[in-house]
Amino acid sequence: MSERFRGYLPVVIDVETAGFNPKTDALLEVAASLLTMDDEGLLIPDQTIDCNVEPFEGANLEKAALEFTGIDPYSPFREAVSEKEALEQIFKPIRKAIKAHGCKRAILVGHNAAFDLSFINAACERAEIKRNPFHPFSCFDTATLAGLAFGQTVLAKACDVAGIDFDNRQAHSAAYDTERTAELFSLIVNRWKELGGWDPEMHD
């Protein structure tokens, strides 16, 4: 794994939020799907960790965003935790996986990844977390990769073309979207290898 992405461990992240501005709008859910690699050099989705997150103090909650996701930020059934606690829960297994795979750092994989990374970075800043395991600005975007591989940039449509089951009723849950994105990313990377695009024997 450490040789496949230049020492970076790809970790799939999805966030659900109360708007589009990472500085002002609440982070409400965060999920991470870890990936591993088999002896053939094929990626396999591994465990998923997810947390419901309490809106930070003074956070903006866009009504349209909440209607879109169906999240009630203050429902007691969410068992939400603070941003700091959520990130620590997510980052701990990521750091462990980085070490286990002999990688130097994680790189975020996401569908429209810059959006997810911006919310992770903003939450880290608010929570004063100094050791963010992710590269600060580089990421792998499955919207771009799916556009290349399958001619689709919407997650549900890309999964459909790729033959990955996608239940729209479960969409916009961070855990569900993360797992589908992990499957999609693994499929594209593995297919590229099968086409002769990456040979573990030929790495630099």
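Any value given below was found using the heavy atoms of this structure, including those in side chains, with hydrogens, waters and symmetry copies removed.
Ring orientation note: the planes of Phe166 and Tyr176 are nearly perpendicular, at an angle over 60° on the 30°/60° scale.
Glu62 and Asn60 share a donor-acceptor pair across their side chains, judged by distance under 3.5 Å alone. If you check the side chains of Glu179 and Ser33, you find no donor sitting under 3.5 Å from an acceptor. Looking at Thr142 and His111, their side chains do bring a donor and an acceptor atom within 3.5 Å of each other.
In terms of modelled atom types and a separation under 3.5 Å, the side chain of Asn190 and the main chain of Ser186 share a donor-acceptor contact. For the pair Asp177 (side chain) and His172 (backbone), a donor-acceptor distance under 3.5 Å is present. Proximity of a side-chain donor or acceptor of Thr69 to a complementary backbone N or O of Ala65 within less than 3.5 Å is detected. In this structure a side-chain-to-backbone donor-acceptor pair under 3.5 Å is present from Asp38 to Leu42. Within the 3.5 Å criterion, the main-chain N or O of Phe115 finds a donor-acceptor partner in the side chain of Ser118. Side chain of Lys193 to main chain of Leu43: no donor-acceptor pair is present (N/O by atom type, distance under 3.5 Å, no hydrogens or angles). Side-chain atoms of Asn121 come within 3.5 Å of backbone atoms of Pro136 as a donor-acceptor pair (strictly under, hydrogens ignored). The main-chain N or O of Cys103 is never found under 3.5 Å from a side-chain atom of His101 such that the two would form a donor-acceptor pair.
The side chain to side chain contact (heavy atoms under 4.5 Å, CB included) check on Asn52 picks up Glu29, Arg78, Ala80, with sequence neighbours excluded. Applying the side chain to side chain contact (heavy atoms under 4.5 Å, CB included) rule to Asp165 yields no partners; only residues at least two apart in sequence or on another chain are considered.
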task = Check step by step if side-chain contact (heavy atoms from CB on, under 4.5 Å) holds for Val189 and Arg4.
result = CA-CA 10 Å; Val189 171; Arg4 178 62 181 89; 3.8 Å; yes

ask   = Checking side-chain contact (heavy atoms from CB on, under 4.5 Å) for the pair Phe185/Leu35: CA distance, chi angles, key distance, verdict?
value = CA-CA 10 Å; Phe185 179 71; Leu35 302 169; 3.7 Å; yes

task = Take Ile49 and Gln47, measure what side-chain contact (heavy atoms from CB on, under 4.5 Å) needs, and give me the verdict at the end.
result = CA-CA 7 Å; Ile49 314 103; Gln47 64 167 319; 4.1 Å; yes

request  = Take Asn168 and Gln170, measure what side-chain contact (heavy atoms from CB on, under 4.5 Å) needs, and give me the verdict at the end.
outcome  = CA-CA 5 Å; Asn168 280 299; Gln170 294 188 67; over 6 Å; no

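Contact detail for Leu34 and Ala97: the closest heavy-atom pair is CD1-CB, 4.3 Å. The heavy-atom pair separating Val11 from Ala32 by the smallest distance is CG1-CB, 4.1 Å. Closest approach of Ala158 and Leu184 over heavy atoms only: CB-CD2, 4.0 Å. Closest non-hydrogen pair, Asp141 versus Asn112, comes out as OD1-N, 2.7 Å. Smallest separation of non-hydrogen atoms from Thr24 and Phe56: O-CZ, 3.6 Å. Scanning both residues, Ser138 and Ile107, for their nearest heavy atoms gives O-CG1, 3.7 Å.
Val109 places none of its side-chain heavy atoms less than 4.5 Å from the side chain of Cys139. Side-chain contact between Phe119 and Asn21: absent, with no pair of heavy atoms (C-beta onward) separated by less than 4.5 Å. Side-chain atoms of Ile98 and Phe91, non-hydrogen and from C-beta on, never get closer than 4.5 Å to each other. Looking at heavy atoms from C-beta onward, Val30 lies in side-chain contact with Val15 at the 4.5 angstrom threshold. Between Pro10 and Met1, some side-chain heavy-atom pair lies under the 4.5 Å cut-off. Residues Thr178 and Ile13 are not in side-chain contact: their nearest non-hydrogen atoms beyond the backbone lie 4.5 Å or more apart. Taking the side chain as every heavy atom from C-beta outward, Glu83 and Arg126 approach each other to under 4.5 Å.
Leu187 is not connected to Ile44 by any chain of hydrophobic side-chain contacts under 4.5 Å among Ile, Leu, Val, Met, Phe, Trp and Tyr, and they are in different clusters. Transitive grouping of hydrophobic side chains (ILVMFWY, heavy atoms separated by less than 4.5 Å) keeps Leu155 and Phe68 in distinct clusters. Leu28 and Leu87 are not part of a single hydrophobic cluster, where members link through side-chain heavy atoms under 4.5 Å apart. Residue Ile164 is grouped with residue Val12 when hydrophobic side chains (ILVMFWY) are merged at heavy-atom distances under 4.5 angstrom, including chains of intermediate members. Residues Leu9 and Phe5 fall within the same hydrophobic cluster, defined by Ile, Leu, Val, Met, Phe, Trp and Tyr side chains chained together at heavy-atom separations under 4.5 Å.
By the 6.0 Å contact criterion, CZ on Arg95 is enclosed, its count of non-hydrogen atoms from other residues, nucleotides or ligands being greater than 12. Atom NZ of Lys104 is surrounded by more than 12 heavy atoms from other residues, nucleotides or ligands within 6.0 Å.
We find the CD1-CZ distance between Ile94 and Phe134 to be 4.0 Å, quoted to the nearest 0.5 Å. Between atom CG of residue Asp116 and atom CG of residue Asp14 there is a gap of 5.5 Å, rounded to the nearest 0.5 Å. Atoms CG and CZ, on Leu108 and Phe140 in that order, are 10.5 Å from each other to the nearest 0.5 Å. Remark: Glu125 CD to Asn132 CG distance equals 11.0 Å, nearest 0.5 Å. Considering OG1 of Thr17 and CG of Leu61, their distance stands at 10.0 Å, rounded to 0.5 Å. With values rounded to the nearest 0.5 angstrom, Glu79 atom CD is found 11.0 Å from Cys51 atom SG.
Cation-pi geometry between Arg105 and Tyr8 is not met: the NZ or CZ atom fails to fall both under 6.0 Å from the ring centre and inside 45° of the normal.
Salt bridge status for Glu88 with Lys84: present, with a side-chain N to carboxylate O gap under 4.0 Å. Ion pairing of Glu194 with Arg191 is absent here, as no side-chain N (NZ or NE/NH1/NH2) approaches a carboxylate O to less than 4.0 Å.
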